[in-house]
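Below: one structure, written as structure tokens.
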Amino acid sequence: MLYVELLAQGLVQGSIYALVAVGLTLVYGLLRILHVAHAGLFTLGGYVGVLVTNATGSLLLALLVAMVTVGIVGMAIYRLCYQPILDKPPYVALIASIGLFIAMEEVYRLVFGPYGISFENPPLQDVVQMFGVTLRLGEVATAAGTLLLVGALAVFSGKTRFGTAWRATVTDPDMAESFGIDIIKVRYLNFFIGSAFAASAGVMVALLNNMVEPTMGSVPSYKALAIIVLGGLGDVRGTLLAALALGVIEAFGTIYLGKFLDRDAIAFAFLILVLMVRPQGLFGRA
Amino acid sequence: MSKITNRIAVLAVAGALISGSALADTVKIGMNVPLTGFAAADGKSALLGAELAIEQANAEGGINGTQIELIQYDDLASPKEAVPIANRLISQDEVVVAISGSYSGSTRAAAGVFQSEGVPYVSAYAVHPDITKSGDYVFRTSFVGEVQGRAGAKLIGEMLGKKRVVVITLQNDFGQSLAAGFKEKAADYGIEIVSEYEYSIKDRQFGPIVTKVKADQPDAIYASGYFFTAGPLVNQLRSAGIDVPVIGQEGYDSDKFIEIAGPTSEGVLITTSLDRDSTVAETHDFIQAFEKKAGYNADMVAASGHTAAKVVIEAMRKAGTTDRAAIRDAIAQTNLVASTGTISFNGLGEVKKDVQVQIVKDGAWHHYAVIDDKDLLAPPEE
């Protein structure tokens, strides 16, 4: 039973990784930018989520507000930070992104204080028993919410005209443009969806920890990079699977290897092992 | 008559100017403290605590009539920032003494610089054993981790009578020295350590550990951490239905812990340096004055910053000079009632004081017990 519980914990953690990493892999797929500041948007999502919940008492409303606001901030980052330097070599955007991320952390500290903030009445704290596994309602909501969002993304990109245009642009931007697709609009949409997903992850982490702090994004900032490499850069399905796999490996690793390796070390040892065998990532094509 | 008074006044002013230029205008105390980065919250408390001590001393006439000035720099709790800061404080600002309001890494790095330049340096709350080993100019007003770990073993094994214990350890010098002290004395109090887990300072989600602890069915949990790790940890342990006592340490010692863990923080016990319900005037007054100055409740770090500043101020008053060797000797002779208790130092510069046990009751920290076993709490001598 312990193993099943650990598996469940791993999948919950993996869901959060997935929501953060999807946005990152979308940006990489479209623009070949490693968008480190994405983790800063994850933190912002947490802050908006807690503040709106405390003000209105509704977690669902807070989730929506967080996703929309952070989505818009994500678009603004594209417009103000990345668009002017798109024709520069990729490391220019990477450095800009790292700088932006550090600045965001310090702005959160100045605006919201160094101590972090918590829910006044933490929602979804009850415990449920399912299939012999004990989970907090917040953890169930995290897994279910991830499934819902990823499902919606799959339907959107597979079944709608805009989704088709999006996939076409990721595959071959020049060709897509010559077919009359507005690739600028696609880029904005890309940043909106990716950032909104990161915001939802931020709200869920806020819920699970009952705390949002300025440096909340520091671990996701590099772990999400590891995940998208594992998943085969730019590959959404691969990223989702890699995120879940990593969550589960960390859950078991924390218990059975925790004495020798901390959580991050386990993640990166796994990354190195995989890359030695499959340099293109777990699910990438050679 | 009026002429004479005028002349006296002129002479007095001239005298003041002469003495002002001969001596310094102020006595300078240096401080390295993290004001940005992950440790900024503790840094803020430590700084406000130190500022309060200096304001109080200046209101009483400073150091024998000379006002005290605090010169602080943000060290981001990083060793590579702390070394240049120590050099700047010594050579550019010419501070007489210095205090650390920072964590172990930066304090340890700065301690070497202050020692080699012969500037007395008092660490407020950094726990690493090597800090005081830098030399005879370095002192510490907080417990080393081992001492507090031993107190934790007595609290669980003897005072609470719990024998099957799970140890959850934060993977840094703080957590590991606590665990070492705890394990050293565990057997003496009949404690059996059922299992042991480690986590990183970046972890906030403890799902796998909580799951395993539940299977272990311990009588008590000894978990090291800071309020920002312990808050989520306690919350997650309780949410999973684990209701055995959780024993923490001074890292929990903040109202933020209670805010994060919410109602699940009730009954959590910690070993620390600040007694909220203290009837000692010094501690009682400090708690009130700090709240007035800071706008939030005092915590262990604030009290430690206040204590460290007070130690150097008292030593300078007693030494009656800005000679650093004389001040060092005066610090070594300290016997002071401070907000963190009655303190003195051993030969290594480690503090000798009682351990306060606090409990969360009705959403606030309260007195639970005092551990004053001198042998158990004896700090390392070398």
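What you see is a predicted model, and the numbers here were worked out from it, not measured in a lab. Numbers restart at 1 for each chain; the letters A, B, ... are given by sequence-line order, proteins then strands.
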Which atoms of [X] come close to chain B, meaning under 4.5 Å heavy atom to heavy atom: side chain ones, backbone ones, both, or neither?
{"X": "A:Ile16", "result": "side chain"}
{"X": "A:Glu120", "result": "neither"}
{"X": "A:Val12", "result": "neither"}
{"X": "A:Asp264", "result": "side chain"}
{"X": "A:Glu213", "result": "side chain"}

Grab the two heavy atoms, one from [X] and one from [Y], that are nearest each other, plus how far apart they are.
{"X": "B:Lys256", "Y": "A:Tyr115", "answer": "CE-O, 3.3 Å"}
{"X": "A:Pro114", "Y": "B:Ala40", "answer": "CB-CB, 3.9 Å"}
{"X": "A:Arg263", "Y": "B:Asp203", "answer": "CD-OD1, 3.4 Å"}
{"X": "B:Ser239", "Y": "A:Val127", "answer": "O-CG2, 2.6 Å"}
{"X": "A:Asn210", "Y": "B:Ile260", "answer": "ND2-O, 2.7 Å"}

Inset, instruction - Decide if atom CD of B:Glu192 counts as having more than 12 heavy atoms of other residues, nucleotides or ligands within a radius under 6.0 Å. - result: yes

Legend entry - Interatomic spacing from CG in A:Asn209 to CZ in B:Phe206 - rounded to 0.5 Å: 8.0 Å

Inset, instruction - First locate atom OG1 of B:Thr264, then atom CD of A:Gln125, and finally report the distance between them rounded to the nearest 0.5 Å. - result: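 Answer rounded to 0.5 Å: 8.0 Å.
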
Legend entry - Donor-acceptor contact present, side-chain B:Lys212 to main-chain A:Thr254, <3.5 Å: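 Flag not set: sc B:Lys212 to bb A:Thr254 has no pair under 3.5 Å.
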
Inset, instruction - Please confirm whether the backbone N or O of B:Leu35 pairs with a side-chain atom of A:Arg109, one donor and one acceptor, at under 3.5 Å? - result: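 Answer holds: yes.
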
Inset, instruction - Considering only heavy atoms and a distance below 4.5 Å, find which of B:Glu198, B:Arg204, B:Lys44, B:Glu196 pairs most often with chain A. - result: B:Arg204

Inset, instruction - Quick one: which of B:Gly43, B:Ala240, B:Gly231, B:Pro232 has the most heavy-atom pairs under 4.5 Å with chain A, could you say? - result: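 The option with the most such pairs is B:Pro232.
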
Region of [X] in contact with chain A, defined by heavy-atom distances below 4.5 Å:
{"X": "B:Tyr199", "answer": "neither"}
{"X": "B:Ser45", "answer": "both"}
{"X": "B:Gln171", "answer": "side chain"}

Legend entry - Largest heavy-atom contact set with chain B, pairs under 4.5 Å, which of A:Asn121, A:Leu6, A:Leu135, A:Thr215: A:Leu6

Inset, instruction - Go through the steps for B:Gln205 and A:Gln9 under the test side-chain contact (heavy atoms from CB on, under 4.5 Å), then give the verdict. - result: CA-CA 10 Å; B:Gln205 268 146 293; A:Gln9 288 295 338; over 6 Å; no

Legend entry - Stepwise side-chain contact (heavy atoms from CB on, under 4.5 Å) check, B:Lys214 with A:Thr134: CA-CA 11 Å; B:Lys214 208 161 100 183; A:Thr134 317; 3.4 Å; yes

